[in-house]
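No experiment lies behind these values; they were computed from the predicted model shown. Below, each value reflects all heavy atoms present in this structure, side chains not excepted, and no hydrogens, waters or symmetry copies. Start at 1 with the first residue, then count along the sequence.
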Amino acid sequence: MGDDGGDSGATCEPPPTLYPAPGVYCPGDKDDAGDTVTCAAGQHCCETPQGSSTASACQPPGTACASGTIDWECLQPADCANFEGGGAVCCVVGATKTTVTSCDAGWTEWNGFTGTKCMASCPSGSYVACQANSDCTGDAGTTCTVSKSNGSDFGYCTP
């Protein structure tokens with residue numbers, strides 16, 4: 001993914017960006033005008049793999065995503081307030097960090113990423129998803145570090 005950072009005129013992959021607006025961005029879902037979709041409060045996004053005949057879509061609470069899809073329940077703790085049953089934090093699930101470099105810019109991407117989940121607390125070894133430093137309320141000195149996985153940019157809290 002991305003190029004080697006050289007000056008060969010290759011197309012550079014843009015680095016990820018944080019979007020602290022409420023709601024879950026749904027990668028691959030488009031409205032009738034062709035614009036990207038952010039799910040309504042309480043909804044989650046089932047992102048289907050590239051090349052799938054089924055489009056990614058926002059789903060109502062209680063609707064399970066199909067096997068093999070990425071379930072984006074949240075991008076920040078505020079998204080969890082309205083999600084089924086609520087939860088204190090938004091957790092990055094089923095993933096390990098890796099570093100990607102494109103045209104001399106580097107960022108974190110995730111291997112084994114299965115989505116984000118609203119939970120009372122994140123399991124040991126996982127990360128809180130965030131969109132601003134104020135979302136990182138755990139250990140003093142943690143910051144929201146930008147990353148990406150699949151079709152979405154998001155942050156994770158890191159010391």
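Hydrophobic clustering, with ILVMFWY side chains joined whenever heavy atoms are under 4.5 angstrom apart, groups Trp72 together with Trp110. In the hydrophobic cluster analysis, where Ile, Leu, Val, Met, Phe, Trp and Tyr join through side-chain heavy atoms closer than 4.5 angstrom, Tyr127 is grouped apart from Val93. There is no path of hydrophobic side-chain contacts, each under 4.5 Å, that joins Val92 to Leu18. In the hydrophobic clustering of ILVMFWY residues, with side-chain heavy atoms under 4.5 Å counting as a link, Val146 and Leu75 come out apart.
For the pair Pro123 and Ser126, the tightest heavy-atom approach, listed with the atom from each and the gap, is O-OG, 2.6 Å. Shown here for Tyr25 and Ser152, the closest heavy-atom pair between the two residues is CD2-OG, 3.6 Å. For the pair Gln131 and Asp153, the tightest heavy-atom approach, listed with the atom from each and the gap, is NE2-O, 4.0 Å. When all heavy atoms are compared, the tightest approach of Glu13 to Ser102 is N-OG, 2.8 Å. Minimum heavy-atom separation, Thr69 to Cys65: OG1-CB, 3.0 Å. Closest approach of Val128 and Pro77 over heavy atoms only: CG1-CG, 4.4 Å.
In terms of modelled atom types and a separation under 3.5 Å, the side chain of Thr48 and the main chain of Thr54 share a donor-acceptor contact. Proximity of a side-chain donor or acceptor of Gln43 to a complementary backbone N or O of Thr38 within less than 3.5 Å is not detected. The closest donor-acceptor contact from the side chain of Asp71 to the backbone of Cys46 lies at 3.5 Å or more, if one exists at all. At distances below 3.5 Å, at least one donor-acceptor pair connects side-chain atoms of Ser147 with backbone N or O atoms of Phe154. Judged by distance alone, the side chain of Thr98 and the main-chain N or O of Glu109 form no donor-acceptor pair under 3.5 Å.
For the cysteine pair Cys118 and Cys91, the distance separating the two SG atoms is not below 2.5 Å. Cys130-Cys157 SG separation is not under 2.5 Å; the pair is not scored as a disulfide. Remark: Cys39 SG to Cys26 SG, distance not under 2.5 Å. The SG atoms of Cys144 and Cys136 sit 2.5 Å or more apart.
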Stepwise side-chain contact (heavy atoms from CB on, under 4.5 Å) check, Thr143 with Thr145:
CA-CA 6 Å; Thr143 58; Thr145 302; 3.9 Å; yes

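For the atom pair Met119 CE and Cys90 SG, the distance stands at 10.0 Å (nearest 0.5 Å). Atom CG of Asp79 is separated from atom NE2 of His44 by 13.0 Å, given to the nearest 0.5 angstrom. The distance from atom CD of Glu47 to atom CG of Asn150, rounded to the nearest 0.5 Å, is 4.5 Å.
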